[in-house]
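Structure first, then comments.
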Amino acid sequence: MMKSITYKNRSVPVFYPPGQEAAVRLLPDKLKEYELDFDFRRRWKRIASVEMSRDVAIFQYNDGTKLYLEVG
């Protein structure tokens, strides 16, 4: 399934398997924790998509690298 998430005026698609809606709902709260983290905000501009795997958000960058963030 797919949903879009907006953070700092930029939307990216979030892909998640059925049954992971609870983790997807927690993602905006986790991103809000990083609001003052300027390094994360700079990296957010290069994120192409997000994939949810249980309680972990996998941020896929444009260059193919990934960032793993626990949301649960």
Side-chain angles (χ1 to χ4, degrees):
M1 301 181 91
M2 189 187 94
K3 180 180 177 180
S4 211
I5 187 167
T6 303
Y7 178 71
K8 296 296 175 190
N9 298 324
R10 185 167 182 277
S11 294
V12 295
V14 178
F15 300 99
Y16 60 96
Q20 295 294 319
E21 291 83 9
V24 174
R25 283 193 299 270
L26 292 173
L27 186 57
D29 295 333
K30 189 65 171 182
L31 291 176
K32 195 169 277 199
E33 291 178 19
Y34 287 92
E35 193 167 24
L36 297 178
D37 185 347
F38 296 110
D39 186 45
F40 180 78
R41 288 171 59 179
R42 186 183 70 226
R43 290 185 290 175
W44 177 256
K45 296 175 185 175
R46 299 180 318 174
I47 292 176
S49 66
V50 179
E51 183 180 339
M52 296 299 297
S53 177
R54 299 185 190 226
D55 290 342
V56 176
I58 304 167
F59 295 89
Q60 179 81 35
Y61 289 101
N62 293 330
D63 63 0
T65 58
K66 296 178 181 180
L67 170 70
Y68 297 84
L69 182 65
E70 186 176 348
V71 295

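- Ring planes of F59 and W44: perpendicular class, angle over 60° (limits at 30 and 60°).
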TODO: Determine, step by step, whether S49 and V12 satisfy the side chain to side chain contact (heavy atoms under 4.5 Å, CB included) criterion, reporting the C-alpha distance in whole Å, the side-chain angles of both residues, the deciding distance to 0.1 Å, and the verdict.
DONE: CA-CA 5 Å; S49 66; V12 295; 5.7 Å; no
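- Here the side chain of R41 pairs a donor or acceptor atom with the backbone of E35 at under 3.5 angstrom.
- For R46, the CZ atom sits in a packed shell: over 12 heavy atoms of surrounding residues, nucleotides or ligands are nearer than 6.0 Å.
- Between S11 and T6, the shortest heavy-atom contact is OG-OG1, 2.7 Å.
- The distance from the OG atom of S4 to the CZ atom of F15 is 9.0 Å, given to the nearest 0.5 Å.
- In terms of heavy-atom proximity, P13 sits nearest to M2 at CB-SD, 4.0 Å.
- To the nearest 0.5 Å, atom CG of residue L26 and atom CD of residue Q20 are 10.5 Å apart.
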Task: Test log, rule salt bridge (charged side-chain N to carboxylate O under 4.0 Å, His left out), inputs K30 and E33 - done: CA-CA 5 Å; K30 189 65 171 182; E33 291 178 19; 3.4 Å; yes
Task: V50 and Y16: CA distance, side-chain angles, deciding distance, side chain to side chain contact (heavy atoms under 4.5 Å, CB included) verdict - done: CA-CA 9 Å; V50 179; Y16 60 96; over 6 Å; no
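- Scanning both residues, R25 and P28, for their nearest heavy atoms gives O-CD, 3.3 Å.
- Considering all non-hydrogen atoms of both residues, F40 and Y34 come closest at CD2-CB, 3.6 Å.
- Summarising the hydrophobic clusters (Ile, Leu, Val, Met, Phe, Trp, Tyr; side-chain heavy atoms under 4.5 Å, direct or chained), the residues clustered with V56 are I58, Y68.
- Atom CD1 of I47 sits about 9.0 Å away from atom OG1 of T65, to the nearest 0.5 Å.
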TODO: Could you go through the salt bridge (charged side-chain N to carboxylate O under 4.0 Å, His left out) check for D29 and K32 one step at a time?
DONE: CA-CA 5 Å; D29 295 333; K32 195 169 277 199; 5.8 Å; no
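- In this structure, L67 and R43 approach most closely via the heavy-atom pair CD1-NH1, 4.0 Å.
- Annotation: side chain of E21 is in contact with side chain of M1 (closest heavy-atom distance under 4.5 Å).
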